[in-house]
Trainee: 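I have a structure here, written as structure tokens, and I will follow up with some questions on it.
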Amino acid sequence: MFRNRTAPSRERYLRKLTASAYLTMLVGASMPSCSWTRFDDATDNSPVLIFKASSGLNGLGTSVAAIRAGSTTMALATGSDGYAIYDFGSKNSPTTDAITVGHCLLSDGCHLAKTVAPVQRDVNGVSMACFAYSMTAQSDGTANVHLTCEKNLEFALALDGVTQTAVGKLSTSTTVPLRFASGPRIAPERLLVSARDKGTLWYYPNRTSAAVPITPTLNVAESFGATLAILDSRFDSADSGTTLVVGEPKAGRVHFFATDDTGAVTSQGCIAGPAGFGQMLASGYYLATDLQSIAVASASQVNVLPELSQLGMLQPNTDGCIKLEQLTNTLSLACKEFGIPVDCTNALSLGALATADLNGDQVDELLVGIATATAVGVHAAGQVLTVTAEPTKLAVRERLAPSSPESGDRLGESVVGIPLSRAEVVLAGAPGGNKLAAFYCSALVPDGQGGKRCE
Amino acid sequence: MSCIQRVLGLLFIVTLLLTGGSISANAAPSAKTVTNVDSIRRFMEKGQALYLAGQHLRAAEVFDTGYELHPYSAFLFNAGVALEKAGKLSEAVEHFRKYLEVDPKAPDSDDVKRRIVRVEKTLEEEKKAAITNETVKKIDAAVAEMENTKSLVILETEPAGAPMRIFRRTKGDSPFSEEGQNPDWTMILETQSPANVSLDVGQYHVVMDKFADNNRGDTNFEVLSGHVLQVKVNLSQGQFMAHLRITSNVKRAKVYVDDENRKKAPWGETPLSEFLPAGDHVLIVAATGYEPVKRKLTLARAEQQEMRLDLTRQSVGKLRVTSNVSQTLITLDGKPVGEFIDGKPPLEIADLPAGKHFLRLSAKGRKPLESEVDIPRGQALPVAAHLVVLPPRGAAYTQAILGGVLLGGGIYLGLESNRLHDELLRDRHQGTLTNDDPRALRGKVYAIGADISLLGSLALGGLATYNFLSDPLPPSRLVVGKPVEFTTPNKPMLLKPEGEEKSAAADCSNAAPGPRAPCGLRQLGLGYPRSSTEAL
């Protein structure tokens, strides 16, 4: 009469279909959601390393300096109240924690330099890598230049009498504007020091501790000695010696002094440029020649002056300087050519010039730190330009900024090339962020040669 | 009248239940129809038994009760006799008088009147003086003389309306002569069938005179005291007859003779044995739910013929659908055929070709029921649907929604994670990616969040799927009853409760009110049945 039958329900089929689609969607959606370790993979051996300040240090990156110490390379960075030394090793694996941290407080009579410099010293016949970073008062009230060296050694360099007098007694309330420069760049043996803002300048020739005072022949303004540089050669007729370069940015002048192995210093004249000319100085082999050039920044322009030998042949102006325009073959880079968002009226007022051979081709690149630049849309994050000298001009080859800048980092307020085994990397200070950034990869390095950080 | 005519013409059935004595013959209302002979007989026999046992008062009470229920004058007379026997003379007089009032044309009315006079005289004597022994002897003698009670005789003829003459043998023992003189017999009543008469004990003969085209008939019968006698006489017609017996596989099928359009009343019902005039006839046997059968036949005089006419079922049937849920939509073979409303008769779908049909029933909040039903030929198939409530899906929906939210969140986080990863890779390719880029941590958190969300959504999705698919409740079932005839009243088929089922998940609140609501079963612990279709 009837037949048992389990009725196939349309609703049941619909439910099964919906559930299957739902599960499929879930599984499908979950497939690309992979493990979070890919972020570790991405940031492992990152091309940019950030060095955070040790506790108690503020404004890390106000100035930076680097020097080779045996098989490794050390970098010193100052803050507002001390310094930290980092070990970059020989390749691409630095220790991001400082190996040495030192404090330099004005209240203790320690005057921390605005710009620090590496210098090698001989200690018991052994060459040691040191950093000149401060000046301290002795118990008798006299001042010494203070060096910190590898193996946590400290040295003090005495001042000569003239300079000691000029520097005067160090105060514990007023900072002496102290600046260092050294050369040659890779193995610095000479140290140029300026203190006070007007005319107090002295020099330590080849690894010596005897200070040689330098007295300008011209009337110089208050900013004389605000910037310093050393050329490894003289551009006059002498066969050997060093050229000391002293900036007087408020007067827009750059002074040149020649010195020989004896330490005798003679003025070589000066170059007058636009406003702020000389507010940043650097020296390097920017051209594919044996001649070292001086790079001079004004308020909104960077110039490389390859033909300093012309100085002696040109007729100075009434102020004793020749004009920048009188020099031939000067290579310039105007602010508008930086290619970064920055106020060009005063783009270089806060920054630094440094030299590095990033690709190891024995031709140096000029590093231009622009601390006021906007980076990745972040105001005053700062950038570093890698500039190369072309036959007729300077060209920006890359613009370095970390991927995660913060407003007010002021990256580029200090910058230095870190010489490693094959090439150099860029270390820039960002005192606003109390950190340093090391850029291991450069567009100038051919693909595949930048190491695993640049893969 | 020949021998055969006599045999065929006077086929009578005399049902003599018991015999008894009688005092006189008296007539009952001749037109009254006896409708409950058994009841009448029961009172008559009980009263008679009590009377014979000497319990006269109780016998009088039974006769009175019998009269109240069945107002036949025999009960009054018998009660009067019993009362007189019990010495209740005044009450006996009242009963005799009422007997005459009820049946003034009773054949023994004169005797009863004389009896009243005699009893009243005795009663006056009782009042004037103490009853002497002689008086008592007179009374006893009189009562003994007339102590027989009357019997009720029911006289019927087929066909009814025959004029009847009832004769009583008053002396001698000669039989009643049909044509000659009958000096021993006295006609006591002339009436018309059917008739009910109260008769005394004795030998009687009833003569049904010829009327219309029916032949004359007569028969003897004996009346005993205090009984009910039913005499039925079939009268033959005045022509030569044949006897036909008709049987069929269907009992009580209607038989029509010479009525092809079946406009007249049926001749009878199967099995049927009847006389038919000799000659040609058209016979039709029909029954509800069957195809009628028509047969022509010729009957010879005095022929006795037996014929079997089997009927076959009609090719269509009916389906009667009832449900435990009001407003159950019913579809048959994919077409909606109606709705079952609680409180109304089952939905009847008629003229369905016999055979298999696909039945679907659905109601709001209930599991739909689909089943194949086999419609019988020429019968109605009652089915009762028990639609089980749909299992609750609230948890499944909640899980699905939460799973969906988690899925959406997971997809968003995953996409954000991918975007950040892409940015990091781009920055790494550009050489600007820092080791402490906060996007790495953020992307990692997003990736973990995405994975957790997707896993959560997967789990919830699985749960939701399970809860969507799982069904703890049994399927709806269809109870198929035995096919019934079309004439069977269309009443809801009661579901057979089954107590072994669980019904914890059923939701009473969804149950539509109705006499067979499943919640009622559940609350009684009867539960739901397991099978989807079953037969009663």
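So that the names make sense, note that chain A is the first sequence line, chain B the second, and so on, each numbered from 1.
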Trainee: I need the residue from A:S442, A:C441, A:C454, A:A401 with the largest number of non-hydrogen atom pairs under 4.5 Å to chain B.
Mentor: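 Of the options given, most contacts go to A:A401.
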Trainee: Would you confirm whether the ring centroid of A:F39 sits within less than 6.0 angstrom of the ring centroid of B:Y446?
Mentor: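 They do not qualify: ring centres at least 6.0 Å apart.
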Trainee: Select one option (side chain, backbone, both, neither) describing which atoms of B:L424 are under 4.5 Å from chain A's heavy atoms.
Mentor: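 The side chain, not the backbone.
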Trainee: Please identify, among A:T37, A:N45, A:L400, the residue contributing the most non-hydrogen atom pairs under 4.5 Å to chain B.
Mentor: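 Highest number of pairs under 4.5 Å: A:N45.
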Trainee: Does any backbone or side-chain atom of B:L420 lie under 4.5 Å from a heavy atom of chain A? Answer side chain, backbone, both or neither.
Mentor: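 Both backbone and side chain of B:L420 come within 4.5 Å of chain A.
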Trainee: Using a strict threshold of under 4.0 Å (side-chain N to carboxylate O), is an ion pair present between A:E365 and A:R397?
Mentor: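 Answer for the salt bridge query: no.
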Trainee: Which label fits B:Y397 and B:F468: parallel for a plane angle under 30°, tilted from 30 to 60°, or perpendicular past 60°?
Mentor: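 Aromatic pair B:Y397/B:F468 classed perpendicular.
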Trainee: Specify which of B:S417, B:P438, B:A440, B:A396 makes the most heavy-atom pairs with chain A at under 4.5 Å.
Mentor: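 Going by pairs under 4.5 Å, I would pick B:S417.
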Trainee: Of B:R419, B:R426, B:H421, which is the lone residue that meets side-chain hydrogen bond (donor to acceptor under 3.5 Å, both in side chains) with B:E423?
Mentor: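 The single option meeting the side-chain hydrogen bond (donor to acceptor under 3.5 Å, both in side chains) with B:E423 is B:R419.
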Trainee: Can B:K367 and B:D471 be counted as an ion pair, charged N to O under 4.0 angstrom?
Mentor: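 Yes, charged N to carboxylate O under 4.0 Å.
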Trainee: With respect to chain A, which residue among B:V445, B:D427, B:D437 yields the maximal number of heavy-atom pairs within a distance under 4.5 Å?
Mentor: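 Top count of heavy-atom pairs under 4.5 Å with chain A: B:D437.
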